[in-house]
Undergrad: 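Sending over a structure as structure tokens; questions will come in a sec.
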Amino acid sequence: MKLLAIDCSASLCAACIYDAQTDKELGRAVLDLGKGHAEQLMTVVGHALKEAGIAFPDLGAVAVSVGPGSFTGVRVGVSAARGFALALKIPAIGVTTLEALAAESRDKFGTRNVLSALDGGRGEIQAAVYDGLGGMLYAPAVITLSQAAELATEFSPVLAGTAAKVIADAVPSQAFDTGPLSATADIAVYARVAAKKGADGQKPAPVYLREPDAKPQAGFILPRSGG
């Protein structure tokens with residue numbers, strides 16, 4: 001089965017084509033955009049398909065990063081994946097950024113516990129802990145630095161994600177190995193994790209662990225007419 005993986009959860013707009021039978025990446029395209037994922041995603045996907053030498057009808061599944069991450073980017077990616085799946089009549093598989101970061105850490109360190117942690121701003125950390133086989137030990141949640149330090153002390157994990165260093169500094173009594181320190185994993189990791197998970201029949205949906213920064217201003221909301 002050939003699988004398309006896409007990720008718009010952070011600054012990157014990334015896509016790759018992965019052959020699940022041979023465990024090989026056939027093509028990829030990655031742009032570091034910051035913003036503008038919606039305008040560039042189809043071009044990125046097209047480049048990945050061209051490098052792989054296949055077309056949309058050759059795909060057997062589509063994988064997508066469902067967050068946590070950029071609210072807009074995650075929505076763009078999930079909407080595109082669900083659209084591809086509907087049009088091509090193939091399954092869409094969601095993979096969280098936290099489990100992908102953990103999987104990329106296991107690629108380097110083997111079957112170790114991994115604490116994936118992203119800096120959520122305002123003193124918040126979006127984190128989860130996975131065991132050496134990818135099983136969940138602590139479900140994705142918004143926690144404080146002190147709570148993250150407690151998890152690091154309890155599970156002695158590899159630390160991954162943008163909050164890894166600050167967590168390590170908060171536990172000076174222990175030395176930690178670190179995986180990727182970025183806001184998202186390599187796009188091929190999403191493909192491999194999705195291929196292993198398989199289709200569960202559920203449509204991918206965005207994973208938001210906190211409220212968006214932009215909210216309507218109540219003073220500008222017009223009251224409903226009583227008539």
Side-chain angles (χ1 to χ4, degrees), residues 1-10 12-30 37 41-42 44-49 51-52 54-70 73-108 111 114 116 118 126 128 130-136 139-140 160-161 179-180 182-209:
M1 178 186 71
K2 295 179 177 62
L3 180 150
L4 164 66
I6 58 179
D7 175 27
C8 300
S9 64
L12 301 181
C13 183
C16 83
I17 308 299
Y18 170 78
D19 189 328
Q21 291 182 322
T22 61
D23 187 27
K24 290 183 178 180
E25 181 185 308
L26 305 179
R28 71 161 54 203
V30 180
H37 297 79
L41 180 57
M42 289 303 299
V44 168
V45 170
H47 285 324
L49 287 167
E51 185 175 297
I54 67 170
F56 279 111
D58 300 313
L59 295 172
V62 56
V64 61
S65 170
V66 295
S70 161
V74 168
R75 286 198 301 269
V76 168
V78 170
S79 296
R82 292 177 65 162
F84 291 145
L86 180 63
L88 300 171
K89 296 180 174 58
I90 58 176
I93 306 164
V95 179
T96 71
T97 52
L98 298 174
E99 64 181 321
L101 286 166
E104 189 169 354
S105 298
R106 291 194 300 275
D107 288 343
K108 180 178 180 180
T111 53
V114 181
S116 297
L118 300 175
Q126 302 172 72
Y130 301 89
D131 66 20
L133 298 177
M136 191 180 297
S182 54
T184 188
D186 183 80
I187 186 61
V189 176
Y190 285 97
R192 292 200 306 271
V193 172
K196 184 177 180 181
K197 291 175 70 171
D200 60 5
Q202 296 182 352
K203 297 178 181 178
V207 173
Y208 298 139
L209 299 183

Undergrad: Among residues at least two apart in sequence or on other chains, which ones pass side-chain hydrogen bond (donor to acceptor under 3.5 Å, both in side chains) with Tyr18?
TA: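 For Tyr18 the side-chain hydrogen bond (donor to acceptor under 3.5 Å, both in side chains) partners, ignoring immediate neighbours, are Asp23.
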Undergrad: Testing the basics here: between Pro57 and Leu88, what is the closest heavy-atom pair and its distance to 0.1 Å?
TA: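 Looking at all heavy atoms of both residues, the shortest contact is N-CD2, 4.5 Å.
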Undergrad: Once salt bridge (Lys or Arg N to Asp or Glu O under 4.0 Å) is applied, do any residues pair with Asp107, and if so which ones, sequence neighbours excluded?
TA: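 With sequence neighbours excluded, Asp107 shows a salt bridge (Lys or Arg N to Asp or Glu O under 4.0 Å) to Arg192, given in chain and number order.
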Undergrad: As an exercise, state the distance from CD of Gln126 to OH of Tyr208, rounded to the nearest 0.5 Å.
TA: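 Going from CD on Gln126 over to OH on Tyr208, the span is 12.0 Å.
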Undergrad: How long is the straight-line distance from CZ of Phe84 back to CG of Leu41, given to the nearest 0.5 Å?
TA: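 Those atoms lie 6.0 Å apart.
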Undergrad: Between Leu118 and Leu101, does the side chain to side chain contact (heavy atoms under 4.5 Å, CB included) criterion hold? Intermediate values first, please.
TA: CA-CA 10 Å; Leu118 300 175; Leu101 286 166; 3.9 Å; yes
Undergrad: Taking all heavy atoms of Val74 and all of Pro206, pick out the closest pair and write down the distance.
TA: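 For Val74 versus Pro206, the nearest heavy atoms are CG1-CB, 3.6 Å.
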Undergrad: Do Ser65 and Cys8 make a side-chain contact, defined as non-hydrogen atoms from C-beta onward lying under 4.5 Å apart?
TA: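 Result no, sub-4.5 Å side-chain heavy-atom pair not found.
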Undergrad: Among residues at least two apart in sequence or on other chains, which ones pass side chain to side chain contact (heavy atoms under 4.5 Å, CB included) with Ala63?
TA: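 Counting only residues at least two positions away or on another chain, Ala63 forms a side chain to side chain contact (heavy atoms under 4.5 Å, CB included) with Leu3, Ala5, Ala194.
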Undergrad: What's the spacing between Ile187 CD1 and Leu12 CG if we round to 0.5 Å?
TA: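 If I round to the nearest 0.5 Å, the distance is 9.0 Å.
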Undergrad: Which value, rounded to the nearest 0.5 Å, describes the distance between Ile6 atom CD1 and His37 atom NE2?
TA: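 Output value for this atom pair is 11.0 Å.
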Undergrad: Please find the pair of heavy atoms, one from Val189 and one from Ala103, that lie closest to each other, and give the distance.
TA: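 Answer, listing the atom of Val189 first, then Ala103: CG1-CB, 3.8 Å.
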Undergrad: Mind checking the CG-SG spacing from Asp7 to Cys13? Nearest 0.5 Å is all I need.
TA: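 Answer rounded to 0.5 Å: 8.5 Å.
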Undergrad: Going by the rule side chain to side chain contact (heavy atoms under 4.5 Å, CB included), which residues pair with Leu49 if we only count those two or more places apart in sequence or in a different chain?
TA: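 Result, side chain to side chain contact (heavy atoms under 4.5 Å, CB included) vs Leu49: Ile17, Val45, Ile54, Phe56, Leu59.
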Undergrad: Considering non-hydrogen atoms only, spot the tightest contact between Val78 and Pro204 and give its length.
TA: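 Closest approach of Val78 to Pro204, heavy atoms only: CG1-O, 3.4 Å.
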Undergrad: Could I get the full list of side chain to side chain contact (heavy atoms under 4.5 Å, CB included) partners for Thr22, not counting sequence neighbours?
TA: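 For Thr22, the residues satisfying side chain to side chain contact (heavy atoms under 4.5 Å, CB included) (neighbours in sequence not counted) are Asp19, Lys24.
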Undergrad: Could you pull out the closest heavy-atom pair between Pro91 and Gly60, with the gap in Å?
TA: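 Shortest heavy-atom separation between Pro91 and Gly60 comes out as CD-O, 3.3 Å.
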Undergrad: Of all residues at least two apart in sequence or in a different chain, which pass the salt bridge (Lys or Arg N to Asp or Glu O under 4.0 Å) check with Arg28?
TA: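 Arg28 satisfies salt bridge (Lys or Arg N to Asp or Glu O under 4.0 Å) with Glu25, Asp186 only.
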Undergrad: Applying salt bridge (Lys or Arg N to Asp or Glu O under 4.0 Å) as the test, list every pair that has at least one member in residues 78-101; sequence neighbours left out.
TA: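 For residues 78-101: Glu99-Lys197.
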Undergrad: Check Ala81 against Ala92 and note the closest heavy-atom contact, atom names and distance.
TA: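 Where Ala81 meets Ala92 most closely, the heavy atoms are O-CB, 4.1 Å.
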Undergrad: Any side-chain heavy atom of Thr111 sitting closer than 4.5 Å to one from Leu133?
TA: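 The answer is yes; the side chains approach within 4.5 Å.
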Undergrad: How would you list, by chain and number, every residue that makes a side chain to side chain contact (heavy atoms under 4.5 Å, CB included) with Ala139, sequence neighbours excluded?
TA: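 Scan of Ala139 (side chain to side chain contact (heavy atoms under 4.5 Å, CB included), adjacent residues dropped) gives Met136.
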Undergrad: Could you go step by step and tell me if Thr97 and Tyr190 meet the side chain to side chain contact (heavy atoms under 4.5 Å, CB included) rule?
TA: CA-CA 8 Å; Thr97 52; Tyr190 285 97; 3.2 Å; yes
